[in-house]
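Data block below; observations after.
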Protein chains: 2
Amino acid sequence: MTRQGGYNLPEGVNAVRFSSKAVTRVAAGRVIGLSNEKKSAEQISKVSCSNCSVRALCLPAGLTAQDIDRLEQITRKKTVIKAGDQLFRAGDKFTSLYAIRSGSFKSVVIAADGSAQVTHFALPGELLGLDAYSTQAHPSYAEALENSSVCELPFAQLETLAQQVPGLQKQIFNLFSEELRQEKDVVMLLGKRSAEARLAALLINISERYTRRGYSATEFNLTMPRIDIANYLGLTAETVSRLISRFQKQELIKVQGRAITLLDKPGLATLAGVSCSD
Amino acid sequence: MTRQGGYNLPEGVNAVRFSSKAVTRVAAGRVIGLSNEKKSAEQISKVSCSNCSVRALCLPAGLTAQDIDRLEQITRKKTVIKAGDQLFRAGDKFTSLYAIRSGSFKSVVIAADGSAQVTHFALPGELLGLDAYSTQAHPSYAEALENSSVCELPFAQLETLAQQVPGLQKQIFNLFSEELRQEKDVVMLLGKRSAEARLAALLINISERYTRRGYSATEFNLTMPRIDIANYLGLTAETVSRLISRFQKQELIKVQGRAITLLDKPGLATLAGVSCSD
DNA sequence: TTCACCTCTTGATCTGGATCAAGTCTGGGC
DNA sequence: GCCCAGACTTGATCCAGATCAAGAGGTGAA
């Protein structure tokens with residue numbers, strides 16, 4: 001649906017691509033280090049949680065090796081989703097949750113008047129589809145922002161297994177609750193904060209989420225286009241662009257295309273009106 | 001904490017109070033009919049889900065009589081919370097969920113900079129505290145907007161019971177998912193909609209939620225003060241007040257203090273940019 | 001009853017971010 | 001290589017809603 005040109009991410013190995021001009025300014029080693037994506041977009045069909053990089057955040061968290069084994073048995077496949085492709089569409093019947101192994105997604109709700117609203121950016125280790133349980137249909141669609149891979153968890157089986165494995169039930173409650181808490185943060189953000197505070201908060205938020213996943217806290221890719229960031233934050237692309245320029249002038253961040261370096265995270269946190277781990 | 005004066009709700013039987021002027025304009029029968037609160041604020045300690053008016057929406061939904069009985073056994077008490085009192089404070093250790101039997105609450109998060117944000121209005125049959133599970137501490141405080149009663153559900157026991165009763169696990173997932181979906185609706189609302197659309201959407205939303213609880217779809221109390229509505233919608237009290245006046249002039253609603261009559265629900269739905277059940 | 005203190009309403013002015021309008025940059029196709 | 005489409009940037013103008021300000025209506029306490 002969304003055709004991506006220009007600043008788009010490459011299909012292959014590295015999630016970051018620079019213009020020749022930019023490359024001259026960034027050391028090659030750091031460019032590689034910036035990648036949010038694992039080395040290659042594997043398309044292995046055997047699911048193995050135990051060597052998955054996000055197991056500490058995903059459903060296996062807190063489970064015994066034996067229980068993880070049972071979880072692996074119901075996990076149907078690990079698919080590669082290309083940038084721009086949809087994992088599921090709005091209105092699709094709810095049958096499975098999807099755990100993100102690598103890459104990133106946006107969740108988009110289409111309002112009654114046809115307008116789209118980005119409601120969530122999802123990173124590795126997070127589950128997509130939790131909000132579909134109560135109505136048994138996905139209220140939003142999920143689109144890959146870069147080449148991504150996911151594990152599909154048929155919910156009926158997951159539910160049955162959770163009945164037998166207390167740790168799994170706990171972890172599902174945990175992921176539900178965590179997502180609920182995050183949504184409240186978004187509501188807070190959109191509620192009363194200035195455009196400046198919103199963008200600063202998003203940068204801090206994404207930084208912290210990447211940190212928990214073992215990536216650099218200060219250097220990462222904003223895999224989403226400006227227009228999606230704007231939509232998510234309740235702003236326009238122009239305002240986001242202006243703010244990014246201003247933040248650069250204020251030496252809070254450094255930007256090359258979609259690669260971001262946070263130069264002054266405490267400063268951003270102050271703007272955002274949140275405390276930060278720095 | 002929040003001292004309430006002026007337009008405050010009475011302590012006693014009826015949630016609605018009118019000025020003498022207003023009373024002359026509203027038939028007594030309809031005033032009674034407007035009440036969002038059940039007849040009296042009972043303080044019975046024996047929990048009985050089977051004769052609770054919100055059982056169809058609350059945890060017992062879909063359970064057998066036998067399972068409801070087990071649920072009742074772990075439900076610790078039914079307390080009356082006075083208007084303005086807090087059910088739990090932000091930062092309190094998470095031990096229980098609270099099911100609202102009658103009345104209404106607001107959830108408020110205090111940001112790092114000290115500013116408060118109303119993140120949710122909770123009505124009978126809804127659970128408070130779901131967002132505290134992942135961190136084991138309440139991120140927000142819950143304050144009664146009118147005299148209310150709740151059932152306390154110690155979560156450790158609820159979790160154990162859910163392990164044994166599949167329908168209960170399902171229903172907990174369901175309430176989590178439903179709240180998540182609702183939060184997404186709020187994000188959509190705050191994202192890009194005009195002040196007018198936000199207020200219209202809130203009125204529609206509250207109307208539909210009361211309808212599901214068996215109250216009138218067109219006549220109900222906005223139990224929350226304007227300032228809370230404004231905070232929740234990311235607006236100022238002045239803007240909310242102006243909009244309410246304008247909606248009255250446009251004959252979309254009729255307002256007496258906090259009592260609201262929706263005169264043109266489809267019209268409001270159009271403004272809100274949502275479809276409605278009317 | 002009077003007074004203090006709320007919440008709510010209404011008016012006047014100001015401003016942050018939207019909108020409109022050109023551009024520039026980048027990568028892909030030919 | 002050149003061209004084109006889409007992502008992004010930057011500038012000028014406009015307006016919805018904030019802010020500031022004043023007053024009205026209602027309640028509880030003395």
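- Between the CG atom of Leu199(B) and the C1' atom of dG17(D) there is a distance of 14 Å, rounded to whole Å.
- Qualifying side chain to side chain donor-acceptor pair (under 3.5 Å) partners for Thr236(A), counting only residues two or more places apart in sequence or in other chains: Thr239(A).
- Axis orientation changes by 40° from one end of the helix from dT1(C)-dA30(D) to dC30(C)-dG1(D) to the other, with each end axis drawn from 5 pairs and the value rounded to 10°.
- Counting to the nearest Å, the C1' atom of dT9(D) and the CD1 atom of Ile227(A) are 13 Å from each other.
- Each ring pair (Phe, Tyr, Trp, His ring centres under 6.0 Å) pair with one or both residues in residues 244-264 of chain B, not counting sequence neighbours, would appear here, but there are none.
- We find that CD1 of Ile244(A) is positioned 14 Å from C1' of dT10(D), with the value rounded to whole Å.
- Arg226(B) meets the side-chain contact (heavy atoms from CB on, under 4.5 Å) test with Val240(B), Ile244(B), Val255(B); sequence neighbours excluded.
- The side chain to side chain donor-acceptor pair (under 3.5 Å) search around Asp131(B) returns Lys184(A), not counting sequence neighbours.
- In this structure, CD of Gln256(A) is placed 14 Å from C1' of dT26(C), rounded to the nearest angstrom.
- With hydrogens and angles disregarded, a donor-acceptor distance shorter than 3.5 Å links the side chain of Ser216(A) to the backbone of Thr218(A).
- Between Arg198(B) atom CZ and dA16(D) atom P there is a gap of 14 Å when expressed in whole angstrom units.
- Between the C1' atom of dG17(D) and the CG atom of Leu190(B) lies a distance of 15 Å, rounded to the nearest Å.
- Taking the side chain of Arg226(A) as heavy atoms from C-beta on, and the options dT9(C), dG17(D), dC8(D), the nearest nucleotide is dC8(D).
- Remark: Ser207(B) engages Lys265(B) in a side chain to side chain donor-acceptor pair (under 3.5 Å) (not counting sequence neighbours).
- Partners of Ala116(A) by side-chain contact (heavy atoms from CB on, under 4.5 Å), not counting sequence neighbours, listed by chain and number: Val108(A), Ile110(A).
- Atoms CZ (Arg246(A)) and C1' (dG17(C)) sit 11 Å apart, rounded to a whole Å.
- Here the C1' atom of nucleotide dA18(C) and the CZ atom of Arg193(B) are 16 Å apart, to the nearest Å.
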Would you tabulate the side-chain donor-acceptor contacts of residues 196-206 of chain A under 3.5 Å, counting partners in other chains and residues two or more places apart, or write 'none'?
residue   : atom : partner   : partner atom : Å
Glu196(A) : OE2  : Arg246(A) : NH1          : 2.6
Arg198(A) : NE   : Arg193(A) : O            : 3.0
Arg198(A) : NH1  : Leu233(A) : O            : 2.7
Arg198(A) : NH2  : Leu190(A) : O            : 3.3
Arg198(A) : NH2  : Arg193(A) : O            : 3.3
Asn205(A) : OD1  : Arg209(A) : NH1          : 2.9

Give the C-alpha distance, both sets of side-chain angles, the deciding distance and a yes or no for salt bridge (Lys or Arg N to Asp or Glu O under 4.0 Å) between Arg89(A) and Glu143(A).
-> CA-CA 9 Å; Arg89(A) 288 165 202 282; Glu143(A) 182 183 311; over 6 Å; no
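- Residues from residues 229-242 of chain B that place a heavy atom under 4.0 Å from any atom of DNA chain C, listed by number: Glu238(B), Ser241(B), Arg242(B).
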